[in-house]
Amino acid sequence: MVRAPYLGGMVETPAFLDSSRPDVPDIVVPRGITPFYMPDRPVRGRLVRLGALADALISRHDNPEPVNRLAGEALALVAGLASALKFQGSFSLQAKGDGPVSILLADCTEAGALRFYARTDPERFALLLAKHPEPNAAALLGSGYLAFTVDQGGEAERHQGIVAIAGDSLAEMAQYYFETSEQHDCSVRLSARHTDAGWRAAALVLERIAHGGGHADGAGTASGLVLQDGVERDRARVDAAAGSRDAAVESWRTALLLAATLTDDELLDDRLSAEELLYRLFHSEGVAADRPRALAYGCRCSRARLAGILEGFPSEDLDHMTVGGDIVMTCEFCAVDFRFPRESVKGNAAG
C-alpha cells in the first residue's frame, strides 16, 4: 500500500502548535455495542459489531490475513470490555510474545474510539505459514503476556492486569485472564474475517453477575444464626439462598449453552440486527437490550503530538533520522506518514 505523506499545516503553522489531523476515515457506527441482560437471571453481556469500521481500521495496514483476523478480534474484544467500565481515557489490550507477531495493541476510549497496530516479522511469519497455513493466535503470538490497562491520563493511577498468554485463540486467552486475575465467570466469543463487504469483526461477551444471596460466605453466616438462635425462619432463609445459588448456576450454564449455538455467519451478518440476533439466542430465557453505544475510528495522532516526541531526541539522533532534508514519522495506528523539515525540529540539546 502506497501512502502519501501528510503535509497539512507544515508551512503556515509550527509543528508543535499544529493539532490538525490527517485525512483518515470519519466513520461512526451508532449501534456498535449493544449491552443486554436477562431479567431475574445473573447474566449480562455485550454484543459488539464493528460493521464497516472494521474494514476502515484493518485495511489501512499491510498485515497478512491471519494477522488481520487477530487484529479484528482484538478490536472487538477491547470494545466489548471497555464498554463495561466507567473511566475517562483509554482501555487497552496488549499482547507481547516471541512469535511472528511480537506486539498486538488495540485500545478504545470511553467514547468508543478504536485503534490498533500489530508488529509482524515477515521472515518469521513466512516460516510459520509454511508449516501452518492457518495459524491460530497462539502460533502468531508465541509465549509472552497479555495485559489489560486502564489509562486515564495525567496523574491518575493506571490500572493494569497481566497474565501469561494461555490458550489457542484470543478468546481463550481473555477468558484465562478473567479466570486467573479477576476470578470472574466470563464467556468470550470473537470472530473476524474478510467478507464480500470487506473486513468485519464482532464479539459476544457474557458475564455472570452476583445474584442475591448467592455467595457461600453469606450462607455460612446465616447458618451460624440458625445454630446459635435456633430460629426456624433463618434455616428457611439458608435453604432459599442455596436454592437461589443453584438457580443462578443453572441460568449461567443455560446461557453458555445458548451462546454456543451462535455461528460466525450470524455474528458478522450486517443484515441481522443486534436485537434480532439476541432474540434468536436467548428468547427462551428472556433477554432485554439496553441503550446501544457508538464506536468510531479513533487514531489520536497529530503533527503536534509527533513533533513533541521528536523534540525529545538529541540533535545527533535527529540528523541520523533525516533523509533528503526531512524526518518522516509514521503513525503505527493509522499508517499515515508525517514529514518534518529537519530545520523545523530543534531537538534536545542536553541529550
Side-chain angles (χ1 to χ4, degrees), residues 29 31-51 54 69 72-85 93 136-137 166-180 182-193 195 200-216 241-293 295:
V29 181
R31 305 176 71 86
I33 303 174
T34 304
F36 63 92
Y37 62 96
M38 298 179 188
D40 301 322
R41 286 172 171 76
V43 181
R44 68 180 179 186
R46 274 92 58 209
L47 176 61
V48 181
R49 305 170 94 188
L50 273 62
R69 287 199 299 268
E73 292 180 357
L75 287 166
L77 175 60
V78 77
L81 298 183
S83 64
L85 303 174
L93 172 160
N136 59 20
D168 292 333
S169 67
L170 185 60
E172 291 178 359
M173 296 172 191
Q175 289 187 189
Y176 177 73
Y177 168 80
F178 282 104
E179 292 169 2
T180 58
E182 301 293 329
Q183 297 182 342
H184 179 56
D185 286 331
C186 183
S187 171
V188 178
R189 172 72 177 273
L190 303 173
S191 183
R193 72 183 182 202
T195 71
R200 293 294 184 267
L204 178 68
V205 181
L206 290 179
E207 292 180 88
R208 180 181 170 187
I209 59 178
H211 199 64
H215 298 290
S244 178
R245 289 196 303 276
D246 292 342
V249 170
E250 187 59 29
S251 292
W252 175 243
R253 289 175 179 170
T254 300
L256 293 180
L257 290 173
L258 294 173
T261 66
L262 178 66
T263 67
D264 286 340
D265 288 340
E266 290 175 311
L267 195 53
L268 300 174
D269 189 352
D270 291 341
R271 299 164 299 179
L272 185 62
S273 72
E275 290 78 9
E276 184 179 356
L277 179 54
L278 291 172
Y279 181 79
R280 281 188 185 185
L281 289 174
F282 303 118
H283 68 274
S284 63
E285 293 296 287
V287 62
D290 212 333
R291 180 183 302 176
R293 298 182 59 176
L295 293 172

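In this chain, residues are counted from 1 in sequence order. Only heavy atoms go into these numbers, but all of them, side chains included; no hydrogens, no water, no symmetry mates.
Counting only distance, with no hydrogens or angles, the side chain of Arg208 and the backbone of Ser187 share no donor-acceptor pair below 3.5 Å. The main-chain N or O of Leu50 is never found under 3.5 Å from a side-chain atom of Arg200 such that the two would form a donor-acceptor pair. Using modelled atom types, no side-chain atom of Arg46 and backbone atom of Ser83 make a donor-acceptor pair closer than 3.5 Å. Side-chain N or O atoms of Arg41 include none that pairs as donor or acceptor with a backbone N or O of Ala255 at under 3.5 Å. A donor-acceptor contact shorter than 3.5 Å links the side chain of Glu266 to the backbone of Thr263.
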Exercise for review: Please test Val48 against Leu295 for side chain to side chain contact (heavy atoms under 4.5 Å, CB included), starting from the C-alpha separation and ending with a verdict.
Suggested key: CA-CA 9 Å; Val48 181; Leu295 293 172; 4.1 Å; yes
Review point. Could you walk me through whether Leu206 and Phe36 pass the side chain to side chain contact (heavy atoms under 4.5 Å, CB included) check?
Key: CA-CA 9 Å; Leu206 290 179; Phe36 63 92; 3.6 Å; yes
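Minimum heavy-atom separation, Leu47 to Leu277: CD2-CD2, 3.9 Å. What you find for Leu204 and Leu262 is that their closest heavy atoms are CD2-CD2, 3.9 Å. Scanning both residues, Ala274 and Thr34, for their nearest heavy atoms gives CB-OG1, 3.3 Å. Looking at every heavy atom in both residues, Ala203 comes nearest to Leu190 through CB-CD2, 3.5 Å. In plain terms, the two heavy atoms of Tyr176 and Thr180 that are nearest each other are O-OG1, 2.8 Å. In terms of heavy-atom proximity, Met173 sits nearest to Gly167 at CE-O, 3.6 Å.
We find that Arg189 and Asp264 are joined by a salt bridge, their nearest charged nitrogen and carboxylate oxygen being less than 4.0 Å apart. A salt bridge does not link Glu73 with Arg69: every distance from a Lys NZ or Arg NE/NH1/NH2 to an Asp or Glu carboxylate oxygen is 4.0 Å or more. Arg253 and Asp185 are not joined by a salt bridge, as no carboxylate oxygen comes within less than 4.0 angstrom of a charged side-chain nitrogen.
Considering only heavy atoms from C-beta on, Tyr177 stays 4.5 Å or farther from Val188 through its side chain. Contact annotation: the side chain of Ser169 never approaches that of Asn136 to less than 4.5 Å [non-hydrogen atoms, C-beta and beyond]. Side-chain contact check for Leu272 versus Arg280: some heavy-atom pair is nearer than 4.5 Å.
From Phe282, atom CZ reaches atom OG1 of Thr261 across 7.5 Å, with rounding to the nearest 0.5 Å. Here Glu285 contributes atom CD and Thr254 contributes atom OG1; the two are 5.0 Å apart, rounded to the nearest 0.5 Å. The CD1 atom of Ile209 sits 12.5 Å away from atom SG of Cys186, with the distance rounded to the nearest 0.5 Å.
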